[in-house]
Amino acid sequence: MLLTAGGGGGAGGGRRQTPPLAQPSASPYREALELQRRSLPIFRARGQLLAQLRNLDNAVLIGETGSGKTTQIPQYLYEGGISRQGIIAVTQPRRVAAISLATRVSDEKRTELGKLVGYTVRFEDVTSEDTRIKFLTDGMLLREAISDSLLRKYSCVILDEAHERTIHTDVLFGVVKTAQKRRKELGKLPLKVIVMSATMDVDLFSQYFNGAPVLYLEGRQHPIQIFYTKQPQQDYLHAALVSVFQIHQVSLGSDSGDQQVPLPLRQLTVSFQLSETPASGQQEAPSSQDILVFLTGQEEIEAMSKTCRDIAKHLPDSCPPMLVLPLYASLPYSQQLRVFQGAPKGYRKVIISTNIAETSITITGIKYVVDTGMVKAKKYNPDSGLEVLAVQRVSKTQAWQRTGRAGREDSGICYRLYTEDEFEKFEKMTVPEIQRCNLASVILQLLAMRVPNVLTFDFMSKPSPDHVEAAVAHLDLLGALEHEDGRLTLTPTGRKMAAFPLEPKFAKTILLSSKFHCTEEILTIVSLLSVDSVLYNPPARRDEVQSVRKKFISSEGDHITLLNIYRTFKNLGGNKDWCKENFVNSKNMLLVAEVRAQLRDICLKMSMPIVSSRGDMESVRRCLAHSLFMSTAELQTDGTYATTDTHQPVAIHPSSVLFHCKPACVVYTSLLYTNKCYMRDLCVVDAEWLYEAAPDYFRKKLRTARN
DNA sequence: GAGCACTGC
C-alpha cells in the first residue's frame, strides 16, 4: 500500500463522509497557519488516510521529516470522530517536543492550549476534561499504565519517533499490544495503535503488530549529495578538521568528485568520492552555508573548536570569516542558544556537536554535514553484566539521520569520513536501548502492571535472559518480589517502590528512611543523586573550586557533603549569586528542589511520616547502608578496594571527597568504567550495619569467597 | 589524581 501526496486524492476514500476542515478565520496568522496546513504533502492524502486508519486496529506510518504526520494525523483522527469515546494520545521521546507539538496543534485548531489539545510531561500537566488530543512523553504514558494497564482513557495511541527505540517506547510497544488484546477480549472500546517512524526499515514494527499495514507518506526532504573518503581515515579528528577547512575554502559549484584543494594544509587533504547511489542535488543558490560536524564528546569538541578558531585566524583574505560554536548537552543553556542565532554578516557558522544535533536540537541553515562516523554510547557487556560508555561506530540509520541534517531547507552535502566499503559494514540499526542498559526499573514497572510473566514478556526486541534475570535478582535483594503460585509478583514494598520515578534502589532508600527517622535528609540526597551533578568543576579553576568547597566537605562521604550544599543553598533562599560563587549549577539545583517536592508528595500520599534526623548523620548513613548493601566495597590488605559481591577491583573516583581517605568499608551509588573501574558518590559505613541489613546475602557471599 | 553520549519518570 502506497500513499503519496499526488496519488491520494482529496476527500472520502471510504464510504463515510470525511468532515470538512474548519473555515479559516479572518486573522492573518491563522490564515497563514491554515494555508500552511493545507500545503503539506500529507494534506492531499487526508481522505484516503483517514479512511484507512478508521478501519485498522494497527498501522505503521512512515513519513520523512517535513511530511507533517505528527501534527496532522492526530487532527485527522479527531476530525474523523476517533476521539469521541476516548482521548488520542501521541507519545514523544522528549519533553520539549511534546510541549511544542501540543502548542502547534492547538494553534492550528484555534483553541487554547490545555483545552481540546494538551500535553502531559513530568512536573507539568496541561490538560483538562475537554482534552481529546494529548501529547505526552513516552515515559509519562508508561507511568499512567502502572495505574491503568488497559489505558482505558484512550481510544488511540500514536507512538511517534518509534525508530529512536527509547527504552520507554520499547516497553510501551508491549504494553499497548497487551492492552489492545485484553480490551478486545473484555469487549471494551477497541484501542487503535499507530506506530510512526522516520525510517523505511519497518518490517519489525509491522510484524510485531500482527502484520499491520505500512503507509508511506511523502516528505519534503531536499536532495543531499554524499561523499565518502577514498581511503579509511586513521584519525577521525584530524580528518574532520581538514574537511571543515576544505569545505570552507572550496568554491561552490565544483561538481567534480575530487575535492583536492590548494591549501596550506594540503599534505593533510582528505580526498572524497561521490557516492553513486543518492540523487545528486541541483545546484541551487543556497540560503545558508553553515557546517555541522559530528564528534563524540565535550573534551573533543572543545579541543577542536579551539583549533578551528586558531586556524581560522590565519586564513587568506579571500576566505570568509568563521564563527565556531561547540554544542553538547552539558554546555550552559545560554551558550547552546548561540547556534540558533544568525552569524554576523559574511560569517560562516561551524557547529561542532555531539549526537545532540542528531535528534534533540534542529539547527536551520546547515548546508554541509561532516560525519566522523563515531559516537560515544553506552554498551552492555553480557558476560560481565557491566555497562560501559565507549566511543564506537555509528549504525547506518544513525549515519542517515546525520546526513539528513544537511537537507532541511535546501539541497545539502554530507561528507562521510569513512569509505563506502566501511559504511556497508556498519550495523544496520542502533542496538535498542532496552538491550543496552539495566532493566531493574523496567521489570519493576511491568510487575506493577501485573504482567503475568516478565521472563516471557512480548518485547519487540527481547533483552537477553541473563539481563532480565539480573534485574529480577536485584529487585529480589531489595525485597520487592515474592513468588506466588510459581509466579513473580510484587511485595507491598515493591508496589510502593514502583510509585517513585526513581531507580528501584533509590525508591527503597526512601521507604527505609522512616525506620531510621531521616526521611527529610534522604529525600534530599536521593533527589540530588537522581539529577545531573549540581557541582560545576571548570578544570581551569580547580584550586578555587577546592578552597570554596572545603566548607561543605564531610568526612562521612559524598552524600553528606551534597546534603550540606543543598541545605546551605536552601537557607540562603536559592540565591543565584551564591551558586556562582560556590561553583554550583543553579539550574540543576532548582531541578533537585522540584524532584524533591514530587518525591515528598508521593511519600505523603502513601502516608509515610516525614521526619528529620536533626543533625544525626549516623542514621542517614545507616539508612544508605541498608538500601545500598549490594553496592559495597571493602579496603583490601594491599590498600586497594574490591567490591563485596563480585570482588571486582575498584578505586575511589578522584572527584569524591574521600579520594585521599582509606575508609575500611563504603557503599557507592554508581560504578564508572574508563581506564579503571571507579566508584562514585561514596558513603562511609560500618561493616556491621551491612550484615545487619542483609544477613543471608552476606553469609552466602562469605561462603562463595571461601570456596 | 581523573573525566561524564543522550533522554526520561
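Here the structure is a predicted model, which is why all the values come from computation and not from measurement.
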Lys376(A), nearest nucleotide to its side chain (from dC4(B), dT7(B), dA5(B)): dA5(B)
Spacing of Leu295(A) atom CG relative to dC6(B) atom C1', expressed in whole Å: 16 Å
Per Arg680(A) side chain, nearest of listed nucleotides dG1(B), dA5(B), dC4(B): dC4(B)
Pairwise salt bridge (charged side-chain N to carboxylate O under 4.0 Å, His left out) hits with a residue in residues 598-607 of chain A, at least two apart: Glu520(A)-Arg600(A)
Ser527(A): side-chain contact (heavy atoms from CB on, under 4.5 Å) partners, not counting sequence neighbours: Val592(A), Val595(A), Arg596(A), Leu599(A)
Sugar-phosphate, base or nothing in reach of Leu672(A), heavy atoms under 4.0 Å: sugar-phosphate
Asp681(A): partners by salt bridge (charged side-chain N to carboxylate O under 4.0 Å, His left out), with sequence neighbours left out: none
Interatomic distance where CD1 belongs to Ile434(A) and C1' belongs to dC9(B) [whole Å]: 15 Å
Sequence-distant partners of Ser655(A), side-chain contact (heavy atoms from CB on, under 4.5 Å), two or more places apart: His653(A)
Short N-O contact, Glu164(A) and Arg94(A), less than 4.0 angstrom: yes
Between C1' of dC6(B) and CD of Glu164(A), the distance in whole Å: 10 Å
Phosphate-side-chain proximity, Thr137(A) and dC9(B), N/O vs OP1/OP2 below 4.0 Å: yes
DNA chain B-proximal residues of residues 441-449 of chain A, any heavy atom under 4.0 Å: none
Closest-nucleotide ordering on DNA chain B, the 5'-leading residue of Ser530(A) and Gln546(A): Gln546(A)
Atom pair distance, as rounded to whole Å: OH in Tyr328(A) and P in dA5(B): 9 Å
Spacing of Gln598(A) atom CD relative to dG8(B) atom C1', expressed in whole Å: 11 Å
Arg122(A) side chain, from C-beta outward: closest of dG3(B), dT7(B), dC9(B): dC9(B)
Closest listed nucleotide, where the reference is the side chain of Met140(A) and the choices are dC9(B), dA2(B), dT7(B): dC9(B)
Nearest-nucleotide comparison on DNA chain B, the residue closer to the 5′ end among His660(A) and Val121(A): His660(A)
Whether over 12 other heavy atoms sit under 6.0 Å from Lys551(A) NZ: yes
Glu433(A) CD to dC9(B) P, straight-line distance once rounded to whole Å: 13 Å
Pairs meeting criterion salt bridge (charged side-chain N to carboxylate O under 4.0 Å, His left out) with involvement of residues 490-503 of chain A, two or more places apart: Glu503(A)-Lys505(A)
Candidate nucleotides dT7(B), dA5(B), dC9(B), ranked by approach to the side chain of Leu389(A) - the nearest: dA5(B)
Trp400(A) six-ring centre to Arg416(A) NZ/CZ under 6.0 Å and within 45° of normal: yes
Interatomic distance, Leu136(A) CG vs dT7(B) C1' [rounded to whole Å]: 15 Å
Residues from residues 493-509 of chain A lying under 4.0 Å of DNA chain B - heavy atoms: Pro501(A), Leu502(A)
Any residue meeting ring pair (Phe, Tyr, Trp, His ring centres under 6.0 Å) with Phe457(A), in chain and number order, not counting sequence neighbours: Phe459(A)
Selection from dG8(B), dT7(B), dA5(B) that lies nearest to any side-chain heavy atom of Arg95(A): dG8(B)
Salt bridge present between Glu144(A) and Lys134(A) (N-O < 4.0 angstrom): yes
Integer-rounded Å distance: dC6(B) P and Gln392(A) CD: 14 Å
dC6(B) OP1/OP2 closer than 4.0 Å to side-chain N/O of Thr354(A): yes
Pro654(A) side chain, from C-beta outward: closest of dC9(B), dG1(B), dG3(B): dG1(B)
Touch class at under 4.0 angstrom, heavy-atom based, for Gln298(A) against every strand present: sugar-phosphate
Pairs meeting criterion salt bridge (charged side-chain N to carboxylate O under 4.0 Å, His left out) with involvement of residues 428-445 of chain A, two or more places apart: Asp201(A)-Lys428(A)
